[in-house]
Each structure stands twice: as structure tokens, then as C-alpha cells.
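No experiment lies behind these values; they were computed from the predicted model shown.
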Amino acid sequence: MGKDDAEVAALRDELKGLYEQLKEEQKKVADCSLVDKCGDVGGVSKLHITTKKFLKGHINKVNSVHFAGDSRHCVTGSLDGKLIIWDTWTGNKVQVIPLRSSWVMSVAFSTSGNFVACGGMDNMCTVYDLNNRDATGTAKIVRELAGYEGFLSSCRFLDDRNILTGSGDMKICVWELETGKKTADFEAHAGDVVSISLSPDGKQYVTGSVDKQQSPRQTFYGHEADVNSVCFHPGGQAFATASEDKTARLFDIRSDQQVCQYEPPNKSSGFTSCALSLSGRYILCGSDDNNIHYWDTLKGNHLGSLPGHENRVTSISMSPNGMALASCSWDNNVRIWV
């Protein structure tokens, strides 16, 4: 046993050495920084947005929120065992869907607005058809996608026929909803997969994990703690991350490395979620300090925060048209910022 431990330790040291070597090679080709290159670019003003709609309905912590493709409706999942479909323009509930398990960690709205999905500690992804209701008026279950060896931490619809999931067993799976079968299944990380973001064209995706890395085709290093959230840049060539290490970062896919790092003035709380404005000029992050912080993406300077929530901000979602931001919190509430 001692020999095995020594071998593992040696391999770990070798891996660490290779990692440091990789970072040094990246530094050699990083001939400039994003902040330096954008030094002569005009700054942007603070965001003049407030809570337009205050959505009350959940009676326990709200863990996840996601907009539909119409930029009007959103879905939220809470530990009260309910999914709620909201009309963010009126603030009204459209549907309340009771769940078989209250331990929901992730929700997803299909771009078409026809389906929602959720999952969590029940180790499965459950998909509901919003246009097909039972006698009680509740959306019917289309599929229960089981077969995970860990909790379901993230899910995103590729279209109305396929869904992408990430889970605590370190796997990424693609499922065909009509048959309920996996069409792809591969181990992507050395730790729980906690976040997925699709590119604007839907042809690639980035994943974040507690192994502090992102993406299987390309692997990006930099964070020193769990990567809680990833979000593709609207341009499709970069993505933002939010981490437990109290930083947010921007990675460029073409240069294969981090190009900017964002920190709050008082570096006291980790970030749970991130989003980018439609222009890509603002990066926003939900935080453990109950606020949503935001920065100028190009210049890297902290511009301010959006206060209002009374507990940890667990998830934020930018509407596809860029006109509204949804946030949810452990204070049981959901806010729509416009």
C-alpha cells in the first residue's frame, strides 16, 4: 500500500510539474494583455438597471433559473420541490410543477419554450412538456433520464429532441428525448461537472468542474478552487467563468488561455454564477455576499454591484435578447433586472 501511495505521489508531482511547464509555455506566447490592448478604448458607464419584477412564490431556497428563447418566460427550481414557469413581463406564474424530489440543483428551458428540464440529488434528469398537461393541469413528464452514478448538476437543451447533461460522476451525456437513450457519454473531468454553457451557434459547449478546469476538447487552467459557472461569450470565441476562488475570468478559445481576471473590491466571497451582456462588454457574477457584481469585460475594472437579495445569489440568467437579467437566491425569491 505504501508503494502505491509513493507511486501516486510521484505521478501527482509529475503532473504538477507538467502543469507548471504548460503555464510557462502559455506565458511565453502571451505577448500582451487584454487590459493593455484595450487601454485606448473608451470606458462604459455603470449599469442603470433595477429590479423590475420581484417574483415571490417559492417557500424555500431557489437554486437555479434559466430563460426561454422568447426572452419573456423563465423557469426556476427550488428546494420546496417546485418548478415555476414565470411570465417575467407581468410577474405572474404561468405553471407550477411539483417535483418527485425536492433536491433540485439545475433547471433548463428549451429555446422553443416547449420543454423544461431539471435534476439534482435524485441522480436523474426529468423533462416536462409544457404543452401537454394532465387532468390536474400539471405539465406531463416526457422523460426521466436515469443512469447517473452521481447527482445531476447541470443540463441544457440542444434542441427539442436532444439534451446535454453534466453530473457528479464526472460525465457529460447527450440524450435523445424521443427514445430516452444516450447518444454520447464520456468522462470530461476529474471532478463533479457543475456547469454547462452552449456556444451561440449551439455546435460546441464549455463545461466547468470542481477540478478547476473547463472544456474537454481544450482544457483551460487558472482557477484555484471550484468553477461554479461558465458562460459563452456572444461572439463564440471566448467564455467567462465564476469560481469559489473569489474571481471571475475570461478565457479565449483561439489563444488557448486566460485573457482577463475580474475581482471585487472586497475579495471576501466566492462567485456562484456568471453571465455576459449581449454585447459582451459587461460580465456579471452572482455572489455569496448577496450581490451581483459586474465589470467592464475589456478593461477589467469593477463597475459596481446590484444589491437586493437577502441571501446567497445562486444563479443568474441573461435573456437571449439581452434586455433583462434574472437572478435567484437562498432568500426564496427571484428578481428580474431591467
Side-chain angles (χ1 to χ4, degrees), residues 46-67 73-94 96-99 102-107 109 118 120-121 153-154 194-195 225-229 231 240 242-248 262-277 282-295 302-319 323-338:
K46 287 191 172 187
L47 291 173
H48 300 291
I49 61 175
T50 57
T51 301
K52 194 73 173 176
K53 293 295 177 185
F54 185 57
L55 310 179
K56 296 186 74 172
H58 288 295
I59 57 172
N60 207 332
K61 297 171 181 177
V62 189
N63 275 342
S64 186
V65 60
H66 191 224
F67 262 106
H73 297 92
C74 74
V75 59
T76 55
S78 166
L79 296 185
D80 62 9
K82 299 285 194 301
L83 286 187
I84 299 182
I85 312 298
W86 304 89
D87 183 336
T88 63
W89 293 4
T90 64
N92 295 331
K93 301 180 192 71
V94 178
V96 178
I97 304 172
L99 306 176
S102 62
W103 296 99
V104 61
M105 295 179 67
S106 178
V107 297
F109 219 135
C118 69
M121 293 297 186
S153 53
S154 50
V194 294
S195 181
D226 300 0
V227 178
N228 287 328
S229 180
C231 178
S243 170
E244 210 66 55
D245 66 7
K246 307 177 181 66
T247 69
Y262 311 94
E263 297 179 4
N266 181 15
K267 198 176 173 184
S268 60
S269 303
F271 294 120
T272 60
S273 50
C274 63
L276 285 155
S277 63
Y282 294 95
I283 177 174
L284 305 97
C285 289
S287 172
D288 288 334
D289 68 4
N290 309 351
N291 296 306
I292 300 169
H293 294 269
Y294 62 95
W295 298 260
H302 185 265
L303 296 173
S305 60
L306 305 176
H309 283 293
E310 297 173 2
N311 206 329
R312 181 182 198 237
V313 178
T314 49
S315 177
I316 61 175
S317 176
M318 184 68 69
S319 63
M323 297 297 290
L325 178 77
S327 64
C328 63
S329 165
W330 279 2
D331 64 7
N332 305 357
N333 299 315
V334 182
R335 290 174 181 263
I336 305 298
W337 307 82
V338 177

**Item:** Trp337 vs Thr50, side-chain hydrogen bond (donor to acceptor under 3.5 Å, both in side chains): CA-CA, chis, key distance, verdict
**Value:** CA-CA 5 Å; Trp337 307 82; Thr50 57; over 6 Å; no
**Item:** Point-to-point distance, once rounded to the nearest 0.5 Å, from CE of Met318 to OG of Ser277
**Value:** 6.0 Å
**Prompt:** What is the distance from atom CG of Asn266 to atom NZ of Lys246, rounded to the nearest 0.5 Å?
**Reply:** 10.5 Å
**Complete:** When every non-hydrogen atom of Lys267 is compared with those of Asp245, the smallest separation belongs to CE-O, 3.7 Å
**Request:** For the pair Tyr294 (side chain) and Leu47 (backbone), establish whether a donor and an acceptor sit closer than 3.5 Å, ignoring hydrogens and angles.
**Result:** yes
**Message:** Does Leu325 form a side-chain contact (heavy atoms from CB on, under 4.5 Å) with Leu284? I'd like the steps, not just the answer.
**Reply:** CA-CA 10 Å; Leu325 178 77; Leu284 305 97; 4.0 Å; yes
**Prompt:** Between Thr247 and Tyr262, is there a donor-acceptor pair closer than 3.5 Å when you use the side chain of the first and the backbone of the second?
**Reply:** no
**Message:** For the OG atom of Ser268 and the CG atom of Asp288, what is their distance to the nearest 0.5 Å?
**Reply:** 9.0 Å
**Prompt:** For the atom pair SG (Cys74) and CD1 (Ile85), what is the distance rounded to the nearest 0.5 Å?
**Reply:** 8.0 Å
**Message:** Let's go through Arg335 and Ser327 carefully: what are the C-alpha distance in whole Å and the side-chain angles of both, what is the deciding distance for side-chain hydrogen bond (donor to acceptor under 3.5 Å, both in side chains) to 0.1 Å, and is it a yes or a no?
**Reply:** CA-CA 5 Å; Arg335 290 174 181 263; Ser327 64; 5.9 Å; no
**Non-hydrogen side-chain atoms of Phe271 and Pro264 separated by less than 4.5 Å** = yes
**side-chain hydrogen bond (donor to acceptor under 3.5 Å, both in side chains) evaluation trace for Thr88 with His73** = CA-CA 6 Å; Thr88 63; His73 297 92; over 6 Å; no
**Prompt:** Shortest non-hydrogen contact from Asn311 to Ser329?
**Reply:** O-OG, 3.0 Å
**For Phe109 against Phe67, the heavy-atom pair lying closest together** = CB-O, 3.6 Å
**Prompt:** Which of these, His309, Arg312, His58, sits in a side chain to side chain donor-acceptor pair (under 3.5 Å) with Asp331?
**Reply:** His309
**Request:** Give a yes or no on whether the backbone of Cys274 and the side-chain of Ser229 come within a donor-acceptor separation of less than 3.5 Å.
**Result:** yes
**Item:** Spacing of Asn63 atom CG and Ser273 atom OG [to the nearest 0.5 Å]
**Value:** 11.0 Å
**Prompt:** Should Val104 and Leu99 count as side-chain neighbours, where that means a heavy-atom distance under 4.5 Å?
**Reply:** yes
**Request:** Heavy atoms only: give me the nearest Ala324-Ile336 pair and the separation to one decimal.
**Result:** CB-CG2, 4.2 Å
**Message:** Main chain of Asp289, side chain of Ser287: is a donor-acceptor contact present, judged purely on distance under 3.5 Å?
**Reply:** yes
**Item:** Any residue meeting side-chain hydrogen bond (donor to acceptor under 3.5 Å, both in side chains) with Trp295, in chain and number order, not counting sequence neighbours
**Value:** none
**Prompt:** Which heavy atom of Lys93 sits nearest a heavy atom of Lys56, and at what distance?
**Reply:** NZ-O, 3.4 Å
**Prompt:** Asn60 and Trp330: side-chain hydrogen bond (donor to acceptor under 3.5 Å, both in side chains), yes or no, with the steps?
**Reply:** CA-CA 7 Å; Asn60 207 332; Trp330 279 2; over 6 Å; no
**Request:** Verify, without hydrogens or angle tests, whether Asp226 (side chain) and Asn228 (backbone) share a donor-acceptor contact under 3.5 angstrom.
**Result:** no
**Message:** Could you check whether any side-chain N or O of Ser78 sits under 3.5 Å from a backbone N or O of Lys61, counting only pairs where one atom can act as donor and the other as acceptor?
**Reply:** yes
**Ser315 side-chain N/O to Val65 backbone N/O, donor-acceptor pair under 3.5 Å** = yes
**Request:** Rounded to the nearest 0.5 Å, what's the gap from CD1 on Ile84 to OG1 on Thr76? Could you check?
**Result:** 5.0 Å
**Request:** Determine the minimum heavy-atom distance between Ser305 and His293, stating which atoms define it.
**Result:** CB-ND1, 3.9 Å
**Message:** Going by the rule side-chain hydrogen bond (donor to acceptor under 3.5 Å, both in side chains), which residues pair with Asn290 if we only count those two or more places apart in sequence or in a different chain?
**Reply:** none
**Item:** 4.5 Å side-chain heavy-atom contact, Ile49 and Leu306
**Value:** yes
